[in-house]
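Report on the structure given below.
Residue indices begin at 1 and follow the sequence shown.
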Amino acid sequence: MSRALTILTYLALFAFGMAQGLLGTFFHGAGPAPLAAIGFALAIFATCLLGGWGMRRSLGGVAPALGWFLLVFMLGAAGTSSGSVLIEASTAGEWFLFGGAVGAMAGLVASVVFFGGLRRTRPTGS
């Protein structure tokens with residue numbers, strides 16, 4: 001039961017990252033120009049950092065970042081054959097796309113450093 005719950009939690013974090021990307025793709029231009037986009041970038045950073053903290057593993061921060069990147073760059077930034085895109089080349093669009101990518105990567109790196117694979121361990125017997 002514990003393993004199944006852990007897997008479901010990682011899937012929920014992945015889906016939450018995707019949901020943030022989906023909402024940001026459609027609402028990054030709401031309000032004053034880059035304000036909502038900056039808010040979405042900070043939200044994905046916080047989600048990655050808190051996901052790593054909550055799971056006590058770096059994968060807790062990696063899962064929402066992967067979900068965000070997958071959705072935003074496949075759905076939002078990729079153009080269609082007719083040339084339409086969901087994230088336009090505006091101040092808000094650039095802040096959402098690039099600021100969100102920096103936020104996701106910063107949260108991912110912080111979760112790996114603080115909660116995961118980069119910890120040094122002491123050799124046994126020393």
Minimum heavy-atom separation for [X] and [Y], please, with both atom names.
X: Phe40; Y: Gln20; answer: CD2-O, 4.3 Å
X: Leu71; Y: Met18; answer: CD2-O, 3.6 Å
X: Thr25; Y: Phe96; answer: N-CZ, 3.6 Å
X: Ala104; Y: Ala65; answer: O-CB, 4.0 Å
X: Ser111; Y: Gly61; answer: OG-CA, 3.4 Å

Let me check something: do [X] and [Y] share a hydrophobic cluster, defined by ILVMFWY side-chain heavy atoms less than 4.5 Å apart, either directly or through other members?
X: Met105; Y: Leu97; answer: yes
X: Leu42; Y: Trp95; answer: yes
X: Leu8; Y: Leu59; answer: no
X: Leu49; Y: Phe16; answer: no
X: Val112; Y: Tyr10; answer: yes

Residue from Leu108, Ile44, Thr47 passing side-chain contact (heavy atoms from CB on, under 4.5 Å) with Trp68: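 Passing option: Ile44.
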I'd like to check Val102 versus Phe45 (side-chain heavy atoms, cut-off strictly below 4.5 Å). Are they in contact?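 No, side chains not in contact.
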Close side-chain approach of Val62 and Arg57, heavy atoms under 4.5 Å: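 No, every pair of side-chain atoms sits at 4.5 Å or beyond.
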